[in-house]
**Student:** 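Just dropping this structure here.
What you see is a predicted model, and the numbers here were worked out from it, not measured in a lab. Residue numbering restarts at 1 for every chain, and letters A, B, ... go by the order of the sequence lines. All values below were derived from every heavy atom in this structure, side-chain atoms included, with hydrogens, water molecules and symmetry-related copies excluded.
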Number of protein chains: 2
Amino acid sequence: MVSREYNSKKFITPDGYASDIAVFTITSESNGQYKPPIKFLKIMLIKRSNQDHEGNPNIEAGKWALPGGFVRSNETAFQTAERKLYEETGVGGLRIKHFGVYDSPGRDDRGWILSNAHYVIANEEFLKNRKTTKDASDIQLLTIEDALEINLAFDHRKIIDDAIWFIKKDMALTTLAKHFLPKEFVLSELQGVLLTVLDDPSIKTDAAFFRKAPTLPFLEAVSENGKLKKSNRYSKTPAQLYRFNDFQPITSVYSKKLKG
Amino acid sequence: MVSREYNSKKFITPDGYASDIAVFTITSESNGQYKPPIKFLKIMLIKRSNQDHEGNPNIEAGKWALPGGFVRSNETAFQTAERKLYEETGVGGLRIKHFGVYDSPGRDDRGWILSNAHYVIANEEFLKNRKTTKDASDIQLLTIEDALEINLAFDHRKIIDDAIWFIKKDMALTTLAKHFLPKEFVLSELQGVLLTVLDDPSIKTDAAFFRKAPTLPFLEAVSENGKLKKSNRYSKTPAQLYRFNDFQPITSVYSKKLKG
DNA sequence: TGAATAGTGTCTCTTAGACAGTATAAG
DNA sequence: CTTATACTGTCTAAGAGACACTATTCA
């Protein structure tokens, strides 16, 4: 950052600095008793109202957009994301991750407005709270296919596209999946979450996945009173419960071996 | 991005939007004829002058900082990074990658100034051009250790720290190494580049690395006139030349297998 | 008992990693 | 003929992937 230029002429400064959040969740739709549910990756979008608080026409009215808001001068975009998420959904403590900045000239008709984009993984349960805090008509959970088809405000299509790319990458390379799951889960649940985003034969094939998963260093079987803890929530056969531990896997294209 | 609030009161807007670039290179110091050179990861920093063009005292004068500059309202931070890099070094066409935004209140005494941070990999050759375009006294290539010890302007220590983290990650997970190497290179050169950043026994061990590397899907042996092309620039024994192809490796913690 | 989910047994083929050995050319 | 680099041979143990088989429970 060179300040010479800054003083040498009057620079045009941005007209706004926004923080936007792509809120993802995976919904489970029951597929019958004792069956693993069908899962879908969904994104939360809000419909922009026709007028603002003062009754003036709203920009990009009627279109769907990512939740978010303007960053205040005494906070970071990260904090704005936390605050807005809490205001809109009543939920905090979620893992928020920055993934990009959108600053193309002309991306917002109001002027030179930057967007600092984040994504968030929300466990399905959080949605139940959300429904009560806001009118369901202007906040919706959409599948990715639907979200990319509807009329999106600003450059939010591009932002959502990118967010999905980052989610896929992080799902494959990190233990991100844990944020989509309850603390204790069954292998078919993990498999279901992974398959909403990844397309990998070794995950898809039951035999391969059920053999491999218990050996993963970041997963551990749950015990209770010295006995392995099982659940039959998705099957007649009681299935072993697992949880993520704190192991952070590191992979490399040159060595392939998991390390942490 | 909700516009209600935008219209409902006069928002404070940022005082500046900067684009900073962490320029990395790996220097080779000859270790004697027919020996692989010793390599060091280095970063390019500039020393902030005491006064600006108009003779006014400069902010953070005398400290070292990342090259960069203010984003103009008709360009993106990415374009600013390209422009500044060209202005400062006379070189274009480098791979510029965004990795973060720095927006903590108080990070810059001049006001609310955001920094959009990028890193760049510069091949060693580019530095020779650079030396001629600028006074060498206020642009220096420093080892990482040195860079993190000297007096850095603003929050550039944090930015550099983060940049190094991203470089290490990308070096392990992508074919980033190619940007540190000539088009055709010998395996010991690749090994040297990787070892400046990664600490992996399967890279460090010659036998393992020399056996593995030729099988990597993103590397291919170079041929010329139907014969394998060799070089003895770093050894008496002619060594096979390799180049990167366009294969983009994808790894996963759940499957470990390389895919593209 | 059948049906559905949750695993295991076993086999084959490939790969990682270690250790030792061979090959090449300069001086 | 020594030395330093660049590999290759060979072994072992672990892992991936495929296919068939067993185990558990509910209705």
**Student:** Please figure out whether B:Ser235 or B:Ser255 has its closest DNA chain D nucleotide nearer the 5' end.
**Tutor:** B:Ser235
**Student:** Enter the distance from B:Ile160:CD1 to B:Asp20:CG here, rounded to the nearest 0.5 Å.
**Tutor:** 10.0 Å
**Student:** Would you kindly give the NZ-to-C1' distance between A:Lys230 and C:dT5, to the nearest whole Å?
**Tutor:** 13 Å
**Student:** Choose from C:dA4, C:dA6, C:dG17 the nucleotide whose nearest atom is closest to any side-chain atom of A:Ser188.
**Tutor:** C:dA6
**Student:** So do B:Leu219 and B:Thr175 actually touch side chain to side chain, heavy atoms under 4.5 Å?
**Tutor:** no
**Student:** For residues B:Leu45 and B:Ala147, report the shortest heavy-atom separation together with the two atoms involved.
**Tutor:** CD1-CB, 4.0 Å
**Student:** Between atom CZ in A:Phe210 and atom P in C:dG9, what is the gap in whole Å?
**Tutor:** 16 Å
**Student:** I want to confirm an ordering. Mapping B:Thr205 and B:Gln33 to their closest nucleotides on DNA chain C, which one lands closer to the 5' end?
**Tutor:** B:Thr205
**Student:** Taking the side chain as every heavy atom from C-beta outward, state whether A:Ile250 and B:Lys169 have any pair of such atoms under 4.5 Å apart.
**Tutor:** no
**Student:** Grab the NZ-P distance between B:Lys35 and C:dG27 for me, whole Å please.
**Tutor:** 13 Å
**Student:** Given the side-chain rings of A:Phe218 and B:Tyr254, with only the six-membered ring counted for Trp, is the space between their centroids under 6.0 Å?
**Tutor:** yes
**Student:** What is the distance, rounded to the nearest whole Å, between atom NZ of B:Lys204 and atom C1' of C:dG17?
**Tutor:** 15 Å
**Student:** Would you call A:Lys39 and A:Thr27 a side-chain contact if the rule is heavy atoms closer than 4.5 Å?
**Tutor:** no
**Student:** With a cut-off of less than 4.0 Å, is there a side-chain N or O of A:Gln191 near OP1 or OP2 of C:dA6?
**Tutor:** no
**Student:** Taking any heavy-atom pair under 4.0 Å as a contact, classify B:Ser202: base, sugar-phosphate, or nothing.
**Tutor:** sugar-phosphate
**Student:** Give a yes or no on whether the ring-centroid distance for B:Phe180 and B:Phe185 is below 6.0 angstrom.
**Tutor:** no
**Student:** With no hydrogens and no angle check, do the side chains of B:Asp162 and B:Tyr102 hold a donor and an acceptor under 3.5 Å apart?
**Tutor:** yes
**Student:** Protein-nucleotides 19-25 of chain C N/O pairs closer than 3.5 Å?
**Tutor:**
{"unit_1": "C:dT24", "atom_1": "O2", "unit_2": "B:Thr237", "atom_2": "OG1", "d": "2.5"}

**Student:** Are B:Gln191 and B:Lys204 packed together at the side-chain level, in the sense that at least one heavy-atom pair is separated by less than 4.5 angstrom?
**Tutor:** no
**Student:** Grab the CD-C1' distance between A:Glu189 and C:dT5 for me, whole Å please.
**Tutor:** 13 Å
**Student:** For chain A and DNA chain D, what are the first and last nucleotides along the strand, 5' to 3', with at least one atom under 4.0 angstrom from a heavy atom of the protein chain?
**Tutor:** D:dA16 to D:dA27
**Student:** Expressed in angstrom and rounded to an integer, what is the separation of A:Tyr234 atom OH from C:dT5 atom C1'?
**Tutor:** 14 Å
